[in-house]
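Have a look at the structure below before the remarks.
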Protein chains: 2
Amino acid sequence: MTSTENPRAGVRARTRGAILRAAATVLAHDRNAPLSAVAEAAEVGRSTLHRYFPDREVLLAATYQEALSEIGRVMDEAEVEKGSALEAMRRVVAAHVEVGDWVVFAFGDTANEVFDDAPAATDPEPDLLTNLVRRGQEEGVFDPEADPAWVVQVLWALVFTGLERAERGQMPRHAVAPTVVRTLERGICAPG
Amino acid sequence: MTSTENPRAGVRARTRGAILRAAATVLAHDRNAPLSAVAEAAEVGRSTLHRYFPDREVLLAATYQEALSEIGRVMDEAEVEKGSALEAMRRVVAAHVEVGDWVVFAFGDTANEVFDDAPAATDPEPDLLTNLVRRGQEEGVFDPEADPAWVVQVLWALVFTGLERAERGQMPRHAVAPTVVRTLERGICAPG
DNA sequence: TCTTTTTGACACAGTGGTGTCCCATTATGA
DNA sequence: TCATAATGGGACACCACTGTGTCAAAAAGA
């Protein structure tokens, strides 16, 4: 704060953002990657990284928050509450694929420490989705016998699988969302 | 080898097996868990662990081989080639859930080093399953437009998800296989 | 231009996991 | 009982990562 405005805050915000994006990308692939790898990916010195995020833990938490914020943004754009549950679900899948790195980082590791510490408090995502599933069940389009939490987890799992496949070049990126949606809606069996 | 038979080999085989089982369980949860944790889980001194597996890398490789062997065993029992593809697929899912820890260890991490080094050479699993899927497509029960590799990966992903849920107490263990099968076959939509 | 901020390179010590070795103790089988 | 095999614990050096600090150079704004 050099003056009443935020004059030089633009610079700081930009590097901060670069670090967070790099952290999401790198740590999504390997949660235990050294911070030097994150700094390198962000094209920033390790000193600078520590200047912005003193701890590894602090960086993790900040990246997690940023991920939640990014996901929240695309979820807002997806307008989960609008239209039929089926259409909404399709938009949700597309939205998740769109911000793949953030999704993988935020929900990607089974032994998620950050998730355990400050769980659903700052994370409206699960409720939004389980509500969507419930709505779909009431509309009669989703399997009424399925546990909504299970359905949500399946959605995440399929999005992960699709993103992973895309990254390995086993599937074009634009095919991920449609494929996931198709599998979600019909399973793996023939139409008949 | 004290004599022509394998006299004291029984002892060694038992501890070796205990270490491998412990490694699968512990490392399935956290790929970067310290070897001391594996030793502790195996109820064995860290020295003993290093006596059997000098390197971490060696332990990883051995555990991976053991996992393939275990999975191969239950896959044999599942008789993938017999009966309708649909029935076979159900048996395959049940088999995978049965040896959950091994499955999670062997295919659980996205950045799998062991898998990259010695890939499909010693692992007949993927081919077995893609062949099953292809057979199902020819029989007209599986979606003919779906990439078999995608279907196989979806199967794994759902098994993972189910196992994860069971472990967290969010789903009874006996419900995993049926739930996965149901979701695989029909997706998340209502029967109508 | 001049001042202030921001940065990167380097050095440093602390830490936790690793791999090795040795030795006393225990278990196994003859 | 006795010899041998197997084990556990401790000590040790090693290494990668971490977190801190310093300092000169580069960048940004007045």
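Naming convention: chains lettered A, B, ... in sequence-line order (proteins, then strands); numbering from 1 in each chain. FYI, side chains are in, hydrogens and waters are out, and symmetry mates aren't considered; it's all heavy atoms of this structure.
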Requested in this report: Give a yes/no answer on whether the side chain of B:Y52 brings an N or O atom under 4.0 Å of OP1 or OP2 in D:dT7.
Outcome: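 Affirmative; the distance criterion is met.
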Requested in this report: Would you please confirm or rule out a distance under 4.0 Å between OP1 or OP2 of C:dG8 and any side-chain N or O of A:S47?
Outcome: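 It does not, given that no N or O in the side chain of A:S47 lies less than 4.0 Å from OP1 or OP2 of C:dG8.
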Query - Which atom of A:I71 lies closest to which atom of A:A106, heavy atoms considered - result: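 That would be CD1-CB, 4.3 Å.
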Within this structure, what is the [atom1]-to-[atom2] distance between [X] and [N], rounded to whole angstrom?
X: A:H50; N: D:dC17; atom1: NE2; atom2: C1'; result: 9 Å
X: A:F53; N: D:dT20; atom1: CZ; atom2: C1'; result: 18 Å
X: A:N32; N: D:dT18; atom1: CG; atom2: C1'; result: 14 Å
X: B:L49; N: C:dG17; atom1: CG; atom2: P; result: 15 Å
X: A:L60; N: D:dT18; atom1: CG; atom2: C1'; result: 14 Å
X: A:L59; N: D:dG19; atom1: CG; atom2: P; result: 10 Å
X: B:R12; N: D:dT4; atom1: CZ; atom2: C1'; result: 13 Å
X: B:R14; N: D:dT7; atom1: CZ; atom2: C1'; result: 13 Å

Report task. For B:V152, enumerate each residue passing the side chain to side chain contact (heavy atoms under 4.5 Å, CB included) test, keeping only those at least two apart in sequence or located in another chain. Result ->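 So B:V152 forms a side chain to side chain contact (heavy atoms under 4.5 Å, CB included) with B:L129, B:T130, B:V133, B:W156.
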Report task. With the side chain counted from C-beta on, respond yes when A:R135 and A:F142 share a heavy-atom pair under 4.5 Å apart, and no when they do not. Result ->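 Of all side-chain heavy-atom pairs linking A:F142 with A:R135, none is under 4.5 Å.
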Query raised in the report: Does the side chain of B:L60 reach to within under 4.5 Å of the side chain of B:L27, using non-hydrogen atoms?
Result: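 SC-SC contact between B:L60 and B:L27 confirmed.
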Name each donor-acceptor pair under 3.5 Å that joins a side chain in residues 82-89 of chain B to protein atoms two or more places apart or in another chain, with its distance.
| residue | atom | partner | partner atom | Å |
| --- | --- | --- | --- | --- |
| B:K82 | NZ | B:E79 | OE2 | 3.0 |
| B:S84 | OG | B:E87 | N | 3.1 |

Query - Comparing A:R51 and A:R46 on DNA chain D - which has the more 5′ nearest nucleotide - result: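 Counting from the 5' end, the first nearest nucleotide belongs to A:R46.
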Query - For DNA chain C, the residues among residues 34-44 of chain A that have a non-hydrogen atom under 4.0 Å from it - result: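 By residue number: A:E43, A:V44.
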Report task. Kindly state each residue pair satisfying salt bridge (charged side-chain N to carboxylate O under 4.0 Å, His left out) with at least one member in residues 148-157 of chain A, sequence neighbours excluded. Result ->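 Listed by first then second residue: nothing to list.
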Distance-only criterion, 3.5 Å: show the donor-acceptor pairs between side-chain atoms of residues 36-45 of chain B and protein atoms not counting sequence neighbours.
none

Report task. Report yes or no: is the cationic atom of A:R31 (NZ for Lys, CZ for Arg) under 6.0 Å from the centre of the six-membered ring of A:F105, at an angle within 45° of the ring normal? Result ->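 Pair A:R31/A:F105 counts as cation-pi.
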Query raised in the report: Is there a donor-acceptor pair closer than 3.5 Å between any side-chain N or O of B:E185 and the backbone N or O of A:G187?
Result: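 No, B:E185 side chain to A:G187 backbone: no donor-acceptor pair under 3.5 Å.
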Query raised in the report: Could you give the angle between the helix axes at the two ends of the helix from C:dT1-D:dA30 to C:dA30-D:dT1, with five pairs per end, rounded to 10 degrees?
Result: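 End-to-end axis angle: 30°.
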